[in-house]
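Since the structure comes first, as structure tokens, the remarks are kept for the end.
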Amino acid sequence: MSRTLSRDFYERPVVDVARSLIGKRLVRNLHDDLLAGVIIETEAYDGEQDRACHAHRGKTRRNAVMYGPPGCAYVYFTYGLHWLLNCVTGAEDYPAAVLIRAIQPIHGLEVISQNRAGIAQELWCNGPAKLTRALAIDGTFNGCDLCQQNGILQITEGITIPDDKIQATPRIGIGYAGEPWISKPWRFEAKMQLAEVNALIE
DNA sequence: TCTTCGATTGTCT
DNA sequence: GACAATCGAAGAA
């Protein structure tokens with residue numbers, strides 16, 4: 001298996017981390033099964049001044065993990081039924097995180113298909129709450145360390161996606177935040193056909 | 001304690 | 001394209 005990303009990777013400005021997470025592998029150790037996918041879409045949320053960030057009103061019990069060390073998972077519950085996965089970035093005590101919005105499943109497809117029963121394969125993990133369902137990630141992962149080799153959840157080196165294939169656009173679903181936050185191009189997406197992504201995966 | 005609403009998804013029209 | 005589902009966090013009272 002490829003190398004687990006070190007804490008240094010996450011201890012950088014959140015927008016840089018969000019961009020460089022594209023192409024990395026999200027790996028989930030589930031009992032005897034290994035589930036994995038290549039990250040193809042992320043969003044950055046940057047500190048208390050960012051009105052779209054959960055930390056914009058200061059530290060609360062919900063967002064406390066964002067104030068912790070980088071390289072940890074921030075998992076929260078929303079809309080009464082969805083879990084969303086983020087990774088904490090930047091220095092400790094600075095609340096910033098990257099939302100993982102979509103992955104391309106590459107390993108453990110049988111288990112993933114069970115978790116996403118009755119749904120077409122291309123729709124298994126193409127949304128932030130879809131991939132948590134597919135990889136069986138819930139609130140018990142909040143605060144877990146993503147830098148642990150063989151941990152239950154980690155992010156490892158993946159494939160190299162050419163710069164010109166990574167598109168930056170405004171973030172989704174944050175209309176309440178107002179400008180300039182709505183227009184910040186802090187959503188990153190690999191603009192490639194899935195076949196091209198698959199071709200890069202050994 | 002009460003009210004509002006969300007970093008979404010799936011279904012129905 | 002519109003909207004219900006569903007519940008806990010956060011803010012107001």
Side-chain angles (χ1 to χ4, degrees), chain A residues 10 13-22 24 26 28 35 37 39-68 70-90 94-105 112-144 146 153 155 166-190:
Chain A
Y10 301 96
V14 63
V15 175
D16 294 348
V17 177
R19 193 175 201 288
S20 39
L21 274 175
I22 300 293
K24 299 292 188 281
L26 180 64
R28 166 82 166 100
L35 314 183
I39 296 171
I40 55 176
E41 188 179 343
T42 62
E43 280 180 6
Y45 290 86
D46 188 25
E48 295 181 353
Q49 75 279 6
D50 177 1
R51 291 186 52 82
C53 180
H54 283 168
H56 81 274
R57 290 183 192 279
K59 189 174 184 177
T60 65
R61 194 165 63 210
R62 181 203 208 187
N63 66 30
V65 171
M66 270 203 282
Y67 289 79
C72 291
Y74 168 45
V75 181
Y76 73 92
F77 190 65
T78 191
Y79 289 103
L81 62 167
H82 297 307
W83 294 101
L84 303 205
L85 171 66
N86 303 252
C87 35
V88 177
T89 70
Y94 183 84
V98 176
L99 171 68
I100 311 295
R101 289 191 60 89
I103 64 174
Q104 167 72 1
I112 291 175
S113 71
Q114 289 166 20
N115 292 338
R116 306 288 291 141
I119 297 171
Q121 180 164 358
E122 60 272 21
L123 304 180
W124 282 351
C125 298
N126 67 335
K130 295 181 182 181
L131 69 93
T132 57
R133 175 77 64 88
L135 299 189
I137 294 168
D138 62 20
T140 62
F141 288 75
N142 192 33
C144 97
L146 299 172
L153 189 63
I155 300 178
I166 298 179
Q167 187 177 60
T169 57
R171 293 172 290 178
I172 300 292
I174 56 157
Y176 60 85
E179 294 291 2
W181 311 109
I182 293 175
S183 300
K184 296 276 187 190
W186 287 354
R187 173 186 181 214
F188 298 96
E189 189 178 5

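Labels below follow one simple rule: chain letters A, B, ... track the order of the sequence lines, proteins then strands, and each chain is numbered from 1. Heavy-atom basis, side chains included; hydrogens, waters and symmetry copies ignored.
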N/O-N/O pairs, protein side and nucleotides 2-6 of chain C side, under 3.5 Å:
residue, atom, partner, partner atom, Å
dT6(C), O2, Tyr79(A), O, 2.3

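Counting only distance, with no hydrogens or angles, the side chain of Asn63(A) and the backbone of Gly58(A) share a donor-acceptor pair below 3.5 Å.
Side chains of Asp46(A) and Tyr94(A): a donor-acceptor N/O pair is present below 3.5 angstrom, by distance only. Asn126(A) and Lys130(A) share a donor-acceptor pair across their side chains, judged by distance under 3.5 Å alone.
Comparing the C1' positions of dC3(C) and dC5(B) gives an interatomic distance of 15 Å, to the nearest angstrom.
Mapping Tyr45(A) and Lys130(A) onto DNA chain B by nearest heavy atom places Tyr45(A) at the nucleotide closer to the 5' end.
Residue-level contact check: Arg171(A) touches neither bases nor backbone, having no heavy atom under 4.0 Å from any strand. Within 4.0 Å of Arg116(A), counting heavy atoms only, lie sugar-phosphate atoms of the nucleic acid but no base atom.
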Report task. Take Leu85(A) and Leu153(A) through the test side-chain contact (heavy atoms from CB on, under 4.5 Å) and record every step on the way to the result. Result -> CA-CA 11 Å; Leu85(A) 171 66; Leu153(A) 189 63; 4.1 Å; yes
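Under a 4.0 Å N-O distance rule, the pair Asp50(A)/Arg171(A) qualifies as a salt bridge.
Nucleotide dT4(B) has dA9(C) as its partner under the Watson-Crick or G-U criteria, with both atom distances under 3.5 Å. As the counterpart of dT11(B), dA2(C) is assigned, both hydrogen-bonding distances of the Watson-Crick or G-U wobble pattern falling under 3.5 Å.
Between the base of dA9(C) and the side chain of His54(A) there is no donor-acceptor pair shorter than 3.5 Å.
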